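Down below is the structure, laid out as structure tokens.
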Number of protein chains: 2
Amino acid sequence: MDAPRRQPTLDEVAERAGVSRSAASRVINNAPHVSRAKREAVRRAVDDLGYVPNATARALATQQVGAVVLAISGDDPAMFADPFFAEVVVGVNSVLEETDLELMLSLATSTRGQARLEQLLRTHQADGVMLMSLHGDDPLAALADRASVPVVFGGRPLNFEPRYYVDADNRGGARLATEHLVKAGRRKIATITGRLDEGAGMARLQGFQDALAVAGLDSSLIDHGDFSEDGGSLAMSRLLERTPDLDAVFIASDQMAVGALRTLAQSGRSVPADVAIVGFNDLPSARHTVPPLTTINQPIHALGREMARMLLSLMSGDHPSPLILPTRLVLRDSA
Amino acid sequence: MDAPRRQPTLDEVAERAGVSRSAASRVINNAPHVSRAKREAVRRAVDDLGYVPNATARALATQQVGAVVLAISGDDPAMFADPFFAEVVVGVNSVLEETDLELMLSLATSTRGQARLEQLLRTHQADGVMLMSLHGDDPLAALADRASVPVVFGGRPLNFEPRYYVDADNRGGARLATEHLVKAGRRKIATITGRLDEGAGMARLQGFQDALAVAGLDSSLIDHGDFSEDGGSLAMSRLLERTPDLDAVFIASDQMAVGALRTLAQSGRSVPADVAIVGFNDLPSARHTVPPLTTINQPIHALGREMARMLLSLMSGDHPSPLILPTRLVLRDSA
DNA sequence: TTGAAAGCGCTAACAT
DNA sequence: ATGTTAGCGCTTTCAA
């Protein structure tokens with residue numbers, strides 16, 4: 001917007017340095033077969049002219065875009081506000097930072113967004129894709145899995161096992177949480193689930209049922225939230241109405257647990273004396289609820305990091321194995 | 001990864017349709033000067049072949065990348081975990097979605113990240129940049145403001161007035177908050193500031209001082225947080241130690257307010273009876289603290305949206321005016 | 001309305 | 001070690 005002066009081109013650098021364009025190109029990509037003298041001449045010319053390679057031209061010539069995309073599928077743009085994603089992004093960024101790849105973000109939450117993502121998948125606008133939080137049995141899953149660019153899934157969609165994915169051990173974590181409740185002597189254990197059209201939501205419900213089946217306890221005390229705070233609060237009310245004497249709840253996300261805690265307090269019940277609570281995610285805020293929340297830690301940052309690593313590996317021609325990241329129980333005061 | 005079949009090129013489409021490449025190109029960009037017959041022939045060929053234009057080639061020819069970047073500067077990658085940014089992203093996305101522009105995310109939080117952002121600014125790897133949360137007097141500010149691609153600032157950095165920015169009325173909001181405290185009859189009013197090396201942090205402190213100066217009250221009860229929950233908690237402790245009889249605190253972010261509320265409860269003080277609290281940001285969680293937090297609402301989604309709009313306007317050759325978005329007091333129970 | 005041809009700026013295979 | 005040459009796939013004058 002200031003000086004409308006064009007960026008210098010490689011040819012200009014070559015001319016200035018008194019060498020051929022290919023020599024200049026070699027120097028810039030530090031390829032071999034260039035004499036010391038020319039090498040330095042080119043370097044000087046680059047500095048003098050302030051030359052920077054044109055990324056687009058390079059991309060066209062090499063057939064490599066130099067960018068990967070993190071796509072969040074879903075039906076609600078606001079979903080991205082979940083702190084979960086922010087941490088995934090930070091994890092992804094931490095490994096991309098070591099490379100020359102840029103990160104594109106695709107919030108495929110509207111019809112238009114979905115269409116753009118599909119197109120992106122087909123047009124090689126990026127060298128690789130990380131795809132998260134597919135809902136229902138989104139046709140995108142199959143499409144992505146056989147796209148012409150490498151795709152890594154974050155979490156497993158329902159009814160579909162992608163070739164390359166990294167997921168947290170949601171089922172194991174839920175089981176851990178529920179077992180803890182059982183061991184503590186609780187007998188009327190309920191659960192508030194997340195969205196059951198998501199792999200994670202369903203897996204956590206299954207883990208809950210696994211544990212109760214083993215313990216020989218009733219596992220039909222179920223209500224549904226949507227991972228949000230208000231959803232948790234509402235679900236807790238319904239549960240309390242149906243089963244006033246429940247003595248524990250496994251809640252599939254910390255946000256919902258915060259809501260449930262609120263409802264429990266309003267109903268005059270004390271936690272954990274009357275009702276024990278275990279959440280899921282171990283968000284920073286879980287530390288500061290009243291009482292502090294016992295929850296399942298899920299390595300979110302690592303999830304992002306490993307997705308990016310797996311994508312890199314795929315892009316370099318390897319065939320990495322799917323990864324399931326461990327979850328663990330974090331004991332605080334609510335159970 | 002499945003069929004290694006190349007995407008069809010424009011030439012192939014043209015051949016199939018029995019027209020020249022330029023005719024095909026015109027059809028695809030729905031340019032005029034193509035007969036109805038040819039137009040349809042090309043359309044058919046496109047469908048048959050599943051042709052999709054190669055974005056990179058187009059970018060090279062048009063000198064337009066088709067992507068803009070949202071850059072978050074700073075010294076800590078984890079900073080992005082602030083829910084604030086997620087909402088900005090959603091706002092930005094909402095307007096980009098209507099265009100054909102992709103969004104790149106640049107977390108310029110390490111030295112390496114900063115360097116990459118600078119490079120990106122110079123190499124025209126994107127058609128425009130939105131730059132947020134510059135700390136201190138980051139040299140990036142001046143650099144960006146005269147970069148060869150359009151740049152919109154989100155918030156104003158310290159000591160530097162960018163040409164194009166959108167900001168929230170932080171100073172006005174802080175003043176509103178403090179005035180509310182004054183009107184409520186409070187007389188020993190303290191503040192917990194955010195980072196003072198950020199424009200927003202400083203502006204909120206000034207607003208606080210503005211209000212107290214007008215009211216003729218002491219405005220030296222100041223302690224510093226870093227916008228984080230723990231920072232708020234610590235600052236509150238120090239404040240209480242120094243001035244046990246303070247009767248109100250304006251706190252420059254809701255996260256810090258949550259921490260302060262905790263400290264206040266531990267010290268046996270009741271809110272708002274003993275100490276009135278006003279926060280800033282109006283995060284969703286402010287609704288659910290105990291007591292619910294009176295705070296300053298800042299239109300974060302709109303901030304993102306307007307940044308994107310301004311950038312678009314700039315990219316189309318206009319010279320939009322800077323924008324300051326209004327903030328407003330949200331009354332709940334803490335003051 | 002149509003098509004030929006000249007780029008956009010870079011890389012890479014090939015010949016020297 | 002070095003330079004020549006032919007692309008990468010699209011847009012866009014320009015002349016017909």
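Note that this is a predicted model, so its numbers are computed, not measured. In what follows, every chain begins at residue 1, and chains take the letters A, B, ... in the order their sequences are listed.
For the pair A:Arg156 and A:Phe160, the tightest heavy-atom approach, listed with the atom from each and the gap, is CB-O, 4.4 Å. B:Ile324 approaches B:Ala168 most closely through the heavy-atom pair CG2-C, 4.1 Å.
Contact annotation: the side chain of B:Ser73 approaches that of B:Gln114 to within less than 4.5 Å [non-hydrogen atoms, C-beta and beyond]. Contact of the B:Phe85 side chain with the B:Ile72 side chain is registered, since non-hydrogen atoms from C-beta on lie closer than 4.5 Å.
D:dG9 atom P lies 11 Å from atom CG of B:Leu10, rounded to whole Å. Remark: P of D:dC8 and CD of B:Gln7 are 15 Å apart, rounded to the nearest angstrom. Between the CZ atom of B:Arg21 and the P atom of D:dG7 there is a distance of 13 Å, rounded to whole Å.
Not counting sequence neighbours, the partners of B:Asn54 by the side-chain contact (heavy atoms from CB on, under 4.5 Å) test are B:Thr56, B:Ala57.
Within the structure, every pair that satisfies the side chain to side chain donor-acceptor pair (under 3.5 Å) test and touches residues 75-90 of chain A, not counting sequence neighbours, is listed here: A:Asp75-A:Arg195, A:Asp82-A:Gln255.
Mapped onto DNA chain D by nearest heavy atom, A:Ala23 and B:Arg58 fall at different nucleotides, with A:Ala23 at the one closer to the 5' end.
Note that the first and last nucleotides of DNA chain C, 5' to 3', having any atom under 4.0 angstrom from a heavy atom of chain B are C:dT1 to C:dG9.
Checking side-chain atoms of A:Asp145 against main-chain N and O of A:Pro162 turns up no donor-acceptor pair under 3.5 Å. Checking side-chain atoms of A:Ser25 against main-chain N and O of A:Arg21 turns up no donor-acceptor pair under 3.5 Å.
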Pairs of donor and acceptor atoms involving the side chains of residues 303-312 of chain A, under 3.5 Å and at least two apart or interchain, shall be tabulated with distances.
unit_1   : atom_1 : unit_2   : atom_2 : d
A:Glu306 : OE2    : A:Arg309 : NH1    : 2.9

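B:Thr9 comes within 4.0 angstrom of the backbone, heavy atoms only, and of no base. At the heavy-atom level, B:Thr62 lies under 4.0 Å from the strands shown only through sugar-phosphate atoms.
Ion pairing between a basic and an acidic side chain is recognised when a charged N comes within 4.0 Å of a carboxylate O; B:Arg116 and A:Glu97 show no such pairing. For the pair B:Arg16 and B:Glu12, the salt-bridge criterion is not met [side-chain N within less than 4.0 Å of a carboxylate O].
Rounded to 10 degrees, the angle between the two end axes of the helix from C:dT1-D:dA16 to C:dT16-D:dA1 is 40°, with five pairs used at each end.
Near DNA chain D, meaning a heavy atom under 4.0 Å from it, residues 26-38 of chain A has A:Arg26, A:His33, A:Val34, A:Ser35, A:Lys38 in order of number.
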